[in-house]
Amino acid sequence: LEALKRRIHQKIGLQPQDQVNDISFWYPQLVGCGMLKFTSMKIVDNDDIKGMIDVIRQHEVFSSIELYASIELNMVPTLIP
């Protein structure tokens, strides 16, 4: 999980003091008659990451994963002379 957070931090160009907090994704569930319902799942450990990839592999229609991350921006005060 920490490796995923670091990768997100790097990819979106956050400052060193900023933090990636919560990560979640939406996954499909068959609810009958060929209809899909999407449910959000919070990623809290490496087993959740594996589960996320397993869910996507089960549904051949989906070829990508959409992640949602909560970001905490820790602004560093700037002194003005």
Side-chain angles (χ1 to χ4, degrees):
L1 178 60
E2 291 307 313
L4 177 59
K5 287 182 177 183
R6 282 192 304 274
R7 187 73 171 151
I8 291 170
H9 192 280
Q10 175 190 20
K11 281 295 187 181
I12 62 176
L14 294 175
Q15 298 298 313
Q17 70 272 11
D18 300 334
Q19 294 178 2
V20 176
N21 290 331
D22 298 324
I23 302 172
S24 62
F25 76 103
W26 289 84
Y27 68 96
Q29 291 182 306
L30 190 60
V31 291
C33 299
M35 294 186 63
L36 291 175
K37 170 185 157 188
F38 286 84
T39 303
S40 177
M41 179 177 163
K42 186 174 178 178
I43 298 172
V44 296
D45 58 24
N46 290 339
D47 289 338
D48 291 341
I49 294 171
K50 183 182 179 312
M52 171 182 66
I53 293 170
D54 290 344
V55 164
I56 298 304
R57 285 187 177 147
Q58 291 173 6
H59 298 276
E60 294 178 7
V61 186
F62 302 100
S63 61
S64 62
I65 297 171
E66 197 167 315
L67 294 176
Y68 298 87
S70 171
I71 308 295
E72 182 178 333
L73 301 177
N74 293 306
M75 306 303 280
V76 176
T78 303
L79 298 175
I80 301 174

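Since we're looking at a predicted model, the values are computed, not measured.
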Side-chain heavy atoms of L67 within contact of M52, under 4.5 Å: yes

Under 4.5 Å between side-chain heavy atoms, counting indirect links through other Ile/Leu/Val/Met/Phe/Trp/Tyr residues: same cluster for M41 and V55 or not? yes

Report yes or no: do V20 and L73 belong to one cluster of Ile/Leu/Val/Met/Phe/Trp/Tyr joined by side chain heavy-atom distances under 4.5 Å? yes

Look only at the side chain of Q17 and the backbone of N74, and say whether a donor-acceptor pair between them is shorter than 3.5 Å. yes

For W26 and Y68 the tightest heavy-atom approach is CD1-CE1, 2.8 Å

With side chains defined as the heavy atoms from C-beta onward, is the minimum distance between L14 and I8 less than 4.5 Å? no

Approximate separation, where rounding is to 0.5 Å, of I56 CD1 and E66 CD: 10.0 Å

With a 3.5 Å distance limit and no angle check, can you tell me whether D22 reaches the backbone of S70 through a side-chain donor-acceptor pair? no

Those residues that, when tested against Q10, pass side-chain hydrogen bond (donor to acceptor under 3.5 Å, both in side chains) (two or more places apart): R7

Closest approach of H9 and D18, non-hydrogen atoms and distance? NE2-O, 3.0 Å

Candidates I53, I43, I49 - the one meeting side-chain contact (heavy atoms from CB on, under 4.5 Å) with F25: I43

Could you report the tightest heavy-atom contact between D45 and L1, atom names first, then the distance? N-CD2, 3.9 Å

Exactly one of N46, D54, D48 should register a side-chain hydrogen bond (donor to acceptor under 3.5 Å, both in side chains) with K50. Which one does? D54

